[in-house]
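Following: one structure in structure tokens, then a few remarks.
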Amino acid sequence: MTERILAGKTAVVTGSNSGIGLGVAAALAQAGADLVINSFTDAAEDHALAERLAAEHGVTARYIQADMSRAADCRALIEKAGRCDILVNNAGIQHVAPIPDFPAEKWDQIIAINLSSAFHTTAAALPVMRAAGWGRVVNIASAHGLTASPFKSAYVAAKHGVVGLSKVTALETATDPITCNAICPGYVLTPIIEAQIPDQMKTHGMSREDVIAKVMLQRQPSGAFATVDQIGGTAVFLCSPAADQITGTTISVDGGWTAL
């Protein structure tokens, strides 16, 4: 059982009712942190998920609805949380198209959710962390925060921005007991990625194994997906005493992608 090194801390994780965000939230709860999970919906199953996490890990957990494309919602999320020792900025969306065909409204939405939301939540959370005398900001960036792929202009621009924002946040909090770092995953096997595999099999006329190896993980030298548990474990490490002097940097969990 994971040592409960985060007992007494409260973690706010954006975009956390599925995928990477849910994996990170569960890992933080296993380490003892109380939780505030979030998405843009406000369904009974969202609140039930918080109750399940609380019961499984012996912590308190709440679900707070907030639209991460809206600055006011981002800041209100931190205010409603009441306490925020750990902030994990994970909310994100994707759209793929060549630059001349990229819908302007999609660009604006991706920049708002993937980048601007992290600025607004961080701006609201830092005074809370300073008042508490401790804080951790963990931004979920991407391998695309360090390198690029065609047809992903908004996503790549936003994730590069998240990496830059992480560095500035770290510099502004360098003399406080607060750190800020970015995790840069490659391909992670989430329900969204899993759902794409059958469509890719039809498009390319390939087996599941060939689609994974030759299409999805072509740029991931390990030939294996990262897991949400691995991303969660990395987040817990960044919140641990071992990482007290790790700030303003990126940790790649990408099977060697950015080593190429």
Side-chain angles (χ1 to χ4, degrees), residues 13-27 39-41 45 49 68-69 89-115 117 139-163 182-235 250-260:
V13 186
T14 70
S16 49
N17 63 352
S18 65
I20 291 174
L22 179 56
V24 170
S39 189
F40 64 93
T41 55
E45 52 263 35
L49 176 59
M68 292 290 104
S69 70
N89 287 307
N90 170 75
I93 60 170
Q94 173 66 288
H95 184 79
V96 178
I99 290 172
D101 303 324
F102 208 99
E105 65 276 11
K106 277 294 180 185
W107 171 276
D108 291 343
Q109 187 182 36
I110 289 170
I111 296 299
I113 294 173
N114 294 31
L115 174 57
S117 69
N139 292 324
I140 306 300
S142 168
H144 282 115
L146 302 171
T147 187
S149 295
F151 314 124
K152 298 181 179 180
S153 56
Y155 188 83
V156 170
K159 293 302 187 179
H160 272 68
V162 167
V163 170
I183 299 174
C184 294
Y187 267 107
V188 181
L189 190 57
T190 62
I192 290 174
I193 295 297
E194 183 68 47
Q196 292 175 7
I197 294 175
D199 289 339
Q200 293 282 3
M201 290 169 61
K202 292 177 185 176
T203 298
H204 296 281
M206 292 180 176
S207 67
R208 174 185 172 88
E209 292 74 20
D210 283 347
V211 161
I212 291 172
K214 298 178 181 178
V215 178
M216 306 192 87
L217 297 180
Q218 181 184 12
R219 294 180 67 182
Q220 200 145 310
S222 67
F225 287 105
T227 68
V228 294
D229 289 343
Q230 289 164 353
I231 308 302
T234 304
T250 59
I251 296 184
S252 294
V253 188
D254 64 3
W257 182 339
T258 50
L260 290 172

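Index from 1, following the sequence.
Shortest non-hydrogen contact noted between Pro221 and Gly255 is CD-O, 3.3 Å. Closest heavy-atom contact between Gly19 and Pro191: CA-CD, 4.3 Å. Of all heavy-atom pairs between Ser149 and Arg219, the closest is OG-NH1, 2.5 Å. Here the closest heavy-atom approach between residue Ala141 and residue Ala182 is recorded as CB-CB, 4.2 Å. Between Ile99 and Ser153, the shortest heavy-atom distance links the atoms CG1-CB, 3.9 Å. When all heavy atoms of Phe225 and Val188 are compared, the closest pair comes out as CD2-C, 4.1 Å.
Considering only heavy atoms from C-beta on, Ser252 comes within 4.5 Å of Leu146 through its side chain. Looking at heavy atoms from C-beta onward, Gln230 lies out of side-chain contact with Pro185 at the 4.5 angstrom threshold. Counting heavy atoms from C-beta outward, Asn90 and Val24 have side chains that stay 4.5 Å or more apart. Residues Cys184 and Ser142 form no side-chain contact, since every pair of their non-hydrogen atoms from C-beta on lies 4.5 Å or further apart.
Listed by chain and number, the residues in a side chain to side chain contact (heavy atoms under 4.5 Å, CB included) with His95 are Ala97, Phe102, Pro103, Lys106, Ile110 (sequence neighbours excluded).
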Please table the atom pairs, donor to acceptor, closer than 3.5 Å between any side-chain atom in residues 154-162 and protein atoms at least two apart or in another chain.
unit_1 : atom_1 : unit_2 : atom_2 : d
Lys159 : NZ     : Ile140 : O      : 3.0
His160 : ND1    : His144 : O      : 3.0
His160 : ND1    : Val156 : O      : 3.0

TODO: Check the pair Lys214, Glu209 against side chain to side chain contact (heavy atoms under 4.5 Å, CB included), reporting the backbone distance first and the verdict last.
DONE: CA-CA 8 Å; Lys214 298 178 181 178; Glu209 292 74 20; over 6 Å; no
TODO: Determine, step by step, whether Asn17 and Thr41 satisfy the side chain to side chain contact (heavy atoms under 4.5 Å, CB included) criterion, reporting the C-alpha distance in whole Å, the side-chain angles of both residues, the deciding distance to 0.1 Å, and the verdict.
DONE: CA-CA 9 Å; Asn17 63 352; Thr41 55; 3.7 Å; yes
Open item on the list: Please determine whether side chain to side chain contact (heavy atoms under 4.5 Å, CB included) holds for the pair Gln109 and Ile111, giving the CA-CA distance in whole Å, both sets of side-chain angles, and the decisive distance to 0.1 Å.
Closed with: CA-CA 6 Å; Gln109 187 182 36; Ile111 296 299; over 6 Å; no
TODO: Decide side chain to side chain contact (heavy atoms under 4.5 Å, CB included) for Arg208 and Val211; before the verdict, give the C-alpha distance in whole Å, the side-chain angles of both, and the deciding distance to 0.1 Å.
DONE: CA-CA 5 Å; Arg208 174 185 172 88; Val211 161; 5.9 Å; no
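Side-chain N or O atoms of Ser222 include one that pairs as donor or acceptor with a backbone N or O of Ala224 at under 3.5 Å. Remark: the backbone N or O of Asn114 is not paired with any side-chain donor or acceptor of Ser117 at under 3.5 angstrom.
Atom OH of Tyr187 and atom CG of Asp254 lie 12.5 Å apart (nearest 0.5 Å). Interatomic distance, CD of Gln220 versus CG of Leu260, reported as 10.0 Å (0.5 Å rounding). Expressed to the nearest 0.5 Å, how far CG of Leu189 lies from CG of Asp229 amounts to 11.0 Å. To the nearest 0.5 Å, atom CD1 of residue Ile212 and atom CE of residue Met201 are 9.0 Å apart. Atoms CG and OG, on Leu49 and Ser16 in that order, are 8.0 Å from each other to the nearest 0.5 Å. Taking CG of Asn139 as the reference point, atom OG1 of Thr250 lies at 11.5 Å (rounded to 0.5 Å).
More than 12 heavy atoms of other shown residues, nucleotides or ligands fall within 6.0 angstrom of atom CD1 in Ile193.
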